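First up is the structure itself, then whatever we jot down about it.
Since the model is a prediction, treat every value here as computed from it, not as a measurement. Lettering follows sequence order; numbering is per chain, from 1.
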Amino acid sequence: MEYNFKEIEAKWQRYWAQNHTFKAVEKESQPKYYVLDMFPYPSGAGLHVGHPLGYIASDIYSRYKRLCGYNVLHPMGYDAFGLPAEQYAIQTGQHPEVTTNANITRYRSQLDRIGFSYDWDREVRTCDPAYYKWTQWAFLKMFNSWFNPETQKAEPIENLIAKFKAEGKWDGLSEKEQSDLLMQYRIAYQGETAVNWCPALGTVLANDEVKEGYSVRGGFPVEQKKMTQWQLRVSAYAERLLADMEELDWTDSLKDMQRNWIGRSKGCEMVFKVQNEDKEYDVTIFTTRADTVFGVTFMVLAPESDWVEKLTSREQKAAVEEYLAMAKKKTERERAQGKKVTGVFSGSYATNPLTGEKVPVWISEYVLSGYGTGAIMAVPAHDSRDYAFAKTFNLPIIPLIEGCDVSEQSFDAKDGIMCNSGFLTGMSVKEAIPAAIKYVEEHGLGRGKVNYRLRDAIFSRQRYWGEPFPIYYKDGIPMPVDEKDLPVTLPEVDQFKPTETGEPPLARAKDWTYKGYPLEKSTMPGFAGSSAYYLRYMDPKNSDGLVSASADAYWRNVDLYIGGTEHATGHLIYSRFWNKFLYDLGYVCEKEPFKKLINQGMIQGRSNFVYRIIGTNRFVSVGLKDKYETTEIHVDVNIVHNDRLDMEAFRNWMPDFKNAEFELENGEYICGWAIEKMSKSMFNVVNPDMICDNFGADTLRLYEMFLGPLEQSKPWDTKGIDGVNRFLKRVWRLFWDKDNFIVTDEKASPAELKSLHKLIAKVQEDTENFSFNTTVAAFMIAMNELSELDCHKREILEPFIIMLSIYCPHVCEELYQALGHQESITYAKFPEYVEAYTVENNCTYAVSFNGKTRFTVELAKSMSKEEVEATVRGMEQTAKYLEGVSIQKVIVVPGKIVNIVVK
RNA sequence: GCGGGCGUGUUGAAAUUGGUAGACAAGCCAGACUUAGGAUCUGGUGCCUACGGCGUAUGGGUUCGAGUCCCUUCGCCCGCACCA
């Protein structure tokens, strides 16, 4: 029999589906293991060969854990709400649901071909009302909760009302006043804030959806705008999000990204009294450098600060208004990039609370309204931004650290001895900071404060294709929809774009009301549906709750999560927040959702080029291109093999090239190449379906892992795939010679056992460490050895394919069945490693100088007894040769295979 | 600017964590079998002025020993970016 991967793969994919081989059922007697992929947004372009990389890795690990006796939960679903389907709907009128479902069908068929061991009975789709019911439910819980700073926990809003009642702050308020009061405390709340407004998309965006002033989706410019929006009080959880990261098994770089994003900084708030004409105001600033207060020479307000209006004097009004108008027009990007220092004097003066000195109050866009209090004390001598401002507007600079030179630049380091600083003079900076804060607190001038960069998440989007809010407005007061009436399903609309008056698309829906009152017209953002999906997989069909207590208690949280690093400051923060909130309310039993996280690298494309002589239809091979003036043209990688162009296919590729002529090297047209992003426009997209057709899913899986370390980005190059394909064919030939099944029950030789057990040790160790590329290499080495030994023994081959089945499940199932097994290889046991075959002759020699161990020498197990003895003699000679060196002791180290010769 | 990471053949990479650098593949060269090959098998393949010598971006250091540790310089990638 030939290795017919097409038949084999179709057969076993059918078998797994029919037998529900990968169905996960809670079993108290068996330890659980939860392996999760970041579920995909089903885009119209379908999967390319880079997308399944992480899925293959997680599938290998899932299959490995099953063989090791774990009850594995390995689900898959779709993050199905999102902008592209909606943009398409606006252009074509096609309902996003139709597009989305078609894309999901395509994704599913592509995924199925790769042979994943998903439990598809647990599939979720975020756009399914039965699913988003629980997204809305969680929102209602957040609406009806507040964050108690004393307990650092979310608690029911009733607790807060009771507290207000006890304090006499509640009774007597109107319904509207009560609503407004609670709104300041709810975890999900409505509030006015500066938001990222994207005019092209017609919606607001969260901070992580904006990069360098452009929307991540679509790349449209984003501007700052003050709007009333639904928000989630993520910032309340800043400290816990930071602290609980310690115990997570994530990479340091990813943890750093989150730490950066949360941006904890310890400092203090200080009150400056500001005199504007006849009125005095208390303006609070935030600083991390309380020690530098003696060097304050001016104050600065953010242009959006509420203080601006109050602190602008009559003479300066015109100038300030002009400045504000100018600042408003700029996008965030222009502000950050414009290195030019701008600002305007407000006309009022502040009093330094420590020195009593009067300093001018300025307004400048270098101060951000969203951080701290939107107002700063400026210390030009020790802050480079204040320094630049002071130099531009000719404001005084007072140095506060002994010996520092501030004639050319500020001295920003937190280092040195204070001077010109009253009671702080003589202290080091490190002593002065707490001393200054202590002084400020004792004199009632302010207080120590920790500030976070993390802002609350803007939660409304002025779009159609998202979860509707379970909120309606009774006389303008937002009210929660009753829990029993969930889900609030998306209404039909005739068009998907905003209304002519700029209202969200839901304003087009007829009778978009609840109990006769209008419903909220915004929808929830993309991260709403993806924040708790891992919980829903535990109990996907439950209609009484997001997840039952028993299912949650069994599966707990995700043991291994694999996905891209692009979610570091979005999804991975929101999910952690969402989980902590549900934890506080007692709905889940773990405070962190994802224990271990691996970020797979990106697979880039390898583009090919042809070179056309300018003004002709003549193409020259890459080696000859320098002789002519040529233009480089991308050519479809699918008509190029090993950089050799299929000239006939090229002529048929595009009408322009129909009459192409070629100038060849050695009778072949060699293409140039480059590594670029995999995309349609570069003609370098490789479709996994094509690989499955030509080589099979087992080869694809093996090759993706063989390509290089999982976390690393690497280019896809189809030409290397022959190597792993050959490997599988050769494995097949260990079992089959033409039509004869040649496996015997003969006893294995020591050499064969050694080869097998070396492999078992390696597969086990490398798989545990997610080093899949070296595992594949180990399989190849073992196969080469077994071929060499002409080994066709069941005792060796059966464990071999059980291990290989985690990579290449289809072909291994087929061979396993040929060995006479009735059950799927999924239920086999991972073979046990016997040490005896790898420790023989392993020795370590420790060599000492004057009694102190200086180096060790380890000898390979492959050495014979004679070789070992000869090497030891060599060592002794080395010891004699080097003065004062002697071999002190000899230690046998099991498992070591190092082979050193010391000259 | 700040933070994290990286630099090894023609290419993807490996190196048991300080111990024979280039495993395993791809490509290339030669040979075998073939009507044929994008099939199969065998051998070779870091570089050089080749019985020797040199080689892990660069220059230095620690060490009996450095791809691995420390410092210098150069280059690349990722994240954040006026966060007071």
Side-chain angles (χ1 to χ4, degrees), chain A residues 211-212 251-261 263-265 267 285-289 292 300 332 335-339 341 364-368 370-379 382-386 388-389 412 451-455 565-566 568-569 599 601-602 606 641-644 646 673 694 703 706-709 711-727 729-730 733 761-762 765-766 771 773-781 783-784 787 844 847 849 854-860 878-879 881-882 885 895-903:
Chain A
K211 274 220 162 81
E212 296 179 345
T251 59
D252 288 335
S253 72
L254 200 96
K255 284 187 185 178
D256 274 342
M257 275 192 226
Q258 289 215 344
R259 280 192 203 107
N260 243 312
W261 192 257
R264 183 184 203 272
S265 62
I285 59 95
F286 174 77
T287 182
T288 54
R289 293 294 303 272
T292 61
V300 190
E332 196 176 343
R335 279 200 193 182
Q337 283 202 331
K339 290 282 167 243
V341 179
S364 171
E365 56 187 2
Y366 86 90
V367 174
L368 305 174
Y371 184 76
T373 62
I376 62 152
M377 63 178 210
V379 186
H382 303 289
D383 183 287
S384 51
R385 296 153 301 181
D386 298 345
F389 195 82
D412 290 16
N451 232 324
Y452 299 92
R453 212 181 71 109
L454 184 71
R455 322 257 171 104
T565 178
E566 68 272 17
T569 51
N599 299 115
M602 289 249 281
R606 187 178 189 275
H641 305 284
N642 287 353
D643 289 340
R644 277 144 185 82
D646 180 336
W673 61 273
N694 295 346
Y703 186 53
F706 187 57
L707 229 39
E711 292 93 333
Q712 199 173 297
S713 285
K714 56 235 162 188
W716 175 269
D717 186 359
T718 304
K719 80 180 176 194
I721 205 166
D722 287 333
V724 290
N725 191 235
R726 253 194 291 270
F727 162 77
K729 288 180 189 165
R730 292 178 67 191
R733 285 203 297 269
K762 184 81 176 157
E765 193 189 326
D766 285 0
S771 177
N773 55 330
T774 52
T775 313
V776 178
F779 276 118
M780 291 178 171
I781 294 167
M783 199 276 305
N784 285 342
S787 284
T844 295
V847 180
F849 287 53
R854 297 299 293 269
F855 64 97
T856 60
V857 176
E858 295 155 86
L859 301 172
T878 310
Y881 179 73
L882 296 163
V885 176
K896 294 278 184 183
I897 51 165
V898 175
N899 177 5
I900 309 304
V901 181
V902 175
K903 288 172 190 165

For the pair made of OH in A/Y452 and P in B/A84, what is the distance, rounded to whole Å? 13 Å
How would you list, by chain and number, every residue that makes a side chain to side chain contact (heavy atoms under 4.5 Å, CB included) with A/R259, sequence neighbours excluded? A/L242, A/M245, A/E246, A/K255, A/D256
Would you say the rings of A/Y452 and A/W261 are close, in the sense that their centroids are separated by under 6.0 Å? no
Can you check B/U11 for me, syn or anti if syn means within 90° of 0? anti
Check ring-ring contact (aromatic ring centres under 6.0 Å, His included) between A/F706 and all other residues, then give those that pass, not counting sequence neighbours. none
Pairing residues for A/Y366 by the ring-ring contact (aromatic ring centres under 6.0 Å, His included) criterion, not counting sequence neighbours: A/F389
Just how far, in rounded Å, is P of B/A15 from CD of A/E765? 10 Å
Gap between atoms CG and C1', on A/L368 and B/A81 respectively (whole Å): 10 Å
Find the runs of at least 3 consecutive base pairs, i with j, i+1 with j-1 and so on, that include RNA chain B, using Watson-Crick or G-U wobble geometry with both distances under 3.5 Å. B:1-7 with B:74-80, B:10-12 with B:24-26, B:27-32 with B:40-45, B:46-48 with B:52-54, B:59-61 with B:69-71
Does OP1 or OP2 of B/A84 have a side-chain N or O of A/Y366 closer than 4.0 Å? no
Kindly label the base of B/G9 as syn or anti, based on whether its glycosidic torsion lies within 90° of 0. syn
So, is A/N773 close to the B/A14 phosphate, meaning a side-chain N or O under 4.0 Å from OP1 or OP2? yes
Distance check needed: B/A23 C1' versus A/M783 CE, whole Å only. 15 Å
How many whole angstroms separate atom CG of A/D717 from atom P of B/A26? 12 Å
Using the ring of each side chain (for Trp, its six-membered ring), is A/F727 parallel, tilted or perpendicular to A/F779, with breaks at 30° and 60°? tilted
Among residues at least two apart in sequence or on other chains, which ones pass side chain to side chain contact (heavy atoms under 4.5 Å, CB included) with A/R730? A/R733, A/M783, A/N784, A/S787
Given B/U40, B/A15, B/G79, which nucleotide is nearest the side-chain atoms of A/M257? B/G79
For A/T569, what residues pass the side chain to side chain donor-acceptor pair (under 3.5 Å) criterion, not counting sequence neighbours? none
Could you give the CD-to-P distance, from A/E711 to B/C78, as a whole number of Å? 17 Å
